[in-house]
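Structure record follows, encoded as C-alpha cells.
Heavy-atom basis, side chains included; hydrogens, waters and symmetry copies ignored. Every chain is numbered from 1 and lettered A, B, ... according to where its sequence line falls, protein lines coming before strand lines. Everything numeric here is computed off the predicted structure, so don't read it as measured data.
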There are 2 protein chains.
Amino acid sequence: MNASPRGKVTREALIVAATGVFARDGFHAASLRDIALAAGINQALIGYHFRNKEGLYLAVFENMVEQIRQRIGPIADVIDAALKAADSALDREARIELYLPPLLRLTDGLLALMASYESDNWGQLILREQQAPTVAFGVFYDGLMQRVVSLLSRLVQRLREGDTESEARLLVATILGQVLVFRAARAGVLQLLQWQRIGADELSLIRTRIHRNIRAMLEIGD
Amino acid sequence: MNASPRGKVTREALIVAATGVFARDGFHAASLRDIALAAGINQALIGYHFRNKEGLYLAVFENMVEQIRQRIGPIADVIDAALKAADSALDREARIELYLPPLLRLTDGLLALMASYESDNWGQLILREQQAPTVAFGVFYDGLMQRVVSLLSRLVQRLREGDTESEARLLVATILGQVLVFRAARAGVLQLLQWQRIGADELSLIRTRIHRNIRAMLEIGD
DNA sequence: GTCTATAAAGTGATAGAC
DNA sequence: GTCTATCACTTTATAGAC
C-alpha cells in the first residue's frame, strides 16, 4: 500500500479506468495501454502499483465488492436483525409480515443494482467471471454473494416452514434468476419487450412483476 | 452438396474447433493459431474458407443456431399446431389442459439445453453476445430466440386472458430467467446449492421447482 | 513515484509455391 | 485446397534515467 497521496490518486484513477475497460473488453482483450490512456496515467505505473495485469484485475474486483457491500450492507443488517429476533412461535401471517418485506427489499436492491446503467460495468465483470471463473470470482462470491444468498435462504425457510434448506436454496436460485435475467440476457430482453432501455418506468414494471412472482412462488396470496 | 468433400471436411473441423476456442476465450482472446491447431488444420486455410476471424466467428454462430433449431424445432411445431387450433370459446380448465403442457415442455427443453454440459460452448457464446452484442447476436436472436419467445408469449397470453401482450412478455422474461440462471450464474448456483455438477438428478429437482413456479406465476393450482 | 524506451512474444492476415 | 514463410502490428512487462 502507498501512504503517499500521490500514489493513491494514481491507484484509484487506474482502478476506475480499468473497471471500464475490463468490463467492456474482458480480461484478455483489454489492453493496459488503453487503461493507462483512459486513466491519464503512464502505463509503466501499472506494473509499479499492481505488479501486472492480473493484479490490476483483482484490485478492480476488490474495489467493486467493497462498493456494492456499502450499498446493500444496510439492508442486510436489517435482515440480520429480523432473523435474530426469530420466534418459532409466530403464526403464518406474522411470519409473512415480518420476513416478506425485507426479502422483497433485498431483491429490489439487487434488481436496481443489476438494471442500473451506472453499474453496467460491475454486471459485465461478474457475468464474465460466472462463465469462466478465475481467482476473481472468489473475491466476488466470498466477499459478497455468500452473504446475500445466505440471507435470502434463511428468509425463504422462515416463510416456508416445510422446506428443507436445500429446497429453500433452490427456490432462492430461481428467484435470483428472475432478477438476473435483466442483466445477463439484457440484449434479448430489450428486444423481447421492445424497450430501448431499462429506465425508471421499466424498472417499476419489472419490480411489480417480480413481487407478484415471489409471492406466488412462496404461496402467499395478495 | 460440395463437389469436393475435402474442403467441406476442413470447414467443419474448423467450425467445431472454433466453437470451443471462442467459447472458452471470447472473440478477442481467441487465437486463430489455437483454433487451427485444435482442428489439426493449417492456419492459412481459415482465411481461405472464412475470409477472416470474424467470418469464422459468424460461421460458428450460424452452425450453432442450426443445431439448436433441430433440437427444439419439433417442440415448436407442436406448439404452433396447438395455437392454430385456437378456440376462444374454451373455458379456463380446457385452456390450461391445452396450453400448459406444451409451455412446460418448451421450458424443459430450454433448461436441458442450458444445463447440459454438452452445450457449454453454446451457452458461453450466447451469453457473451448478450453482454456485448455484435452482428452475431442477430444471427442468434433472429434465427432462433425470436421464435421461442413468440411461442412462449402466445401461450402465456392464452393462459392469462386478462394480460396485454407486453404483460405476457414481461412474464415470459421472468420465466426465462429461472431457466437462464442455471447457465448464466452456474458457478454461483453450484456454490449455493453445494452441487458438484448439474447432472440428471439435479436437473430433475430443478425441473420440478420450475414447474411449480410457473404454475404459481400463472395462478394455476396443482 | 513517475517517466521514456525497448525487449520479447504474441497477433491476424496473406503472398506464392504446389 | 492446402501448405510454408513472413510481414506488419500489437501486446505485456521491465530496465534505467530522473
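For the pair B/Leu32 CG and C/dT14 P, the interatomic distance rounds to 12 Å; values are reported in whole Å. Atom pair B/Phe27:CZ and C/dT11:C1' shows a separation of 12 Å (rounding to whole Å applied). For the pair B/His28 NE2 and D/dT10 C1', the computed distance is 12 Å after rounding to whole Å. For the pair B/Lys53 NZ and C/dG12 P, the computed distance is 4 Å after rounding to whole Å. Between B/Ile46 atom CD1 and C/dA13 atom P the separation is 9 Å, expressed in whole Å. Summarising the geometry, the separation between OH on B/Tyr48 and C1' on C/dA17 is reported as 16 Å, rounded to the nearest angstrom. Remark: C1' of C/dG1 and CG of A/Leu14 are 12 Å apart, rounded to the nearest angstrom. Between the CD atom of B/Glu12 and the P atom of D/dG1 there is a distance of 13 Å, rounded to whole Å.
Distances from the side chain of B/Thr10 to the nucleotides D/dT2, C/dT11, C/dA13 place D/dT2 closest.
Nucleic acid contact for B/Ala30: sugar-phosphate only, since backbone atoms but no base atoms lie under 4.0 Å from a heavy atom of the residue.
A salt bridge links A/Asp120 with A/Arg186: at least one charged nitrogen is closer than 4.0 Å to a carboxylate oxygen. Salt bridge present: B/Asp77 and B/Arg147 bring a charged side-chain N and a carboxylate O closer than 4.0 Å. Electrostatic pairing of A/Asp25 and A/Arg128 does not count as a salt bridge here, judged by no charged N lying under 4.0 Å from a carboxylate O.
For B/Phe22 and B/Phe27, the ring centers are positioned less than 6.0 Å apart.
Partners of A/Phe50 by ring pair (Phe, Tyr, Trp, His ring centres under 6.0 Å), not counting sequence neighbours: none found.
For residues 33-45 of chain B, proximity to DNA chain C is found at B/Arg33, B/Gln43, B/Ala44, defined as any non-hydrogen atom under 4.0 angstrom from a strand atom.
Scanning both residues, A/Leu113 and A/Arg183, for their nearest heavy atoms gives O-NH2, 4.4 Å.
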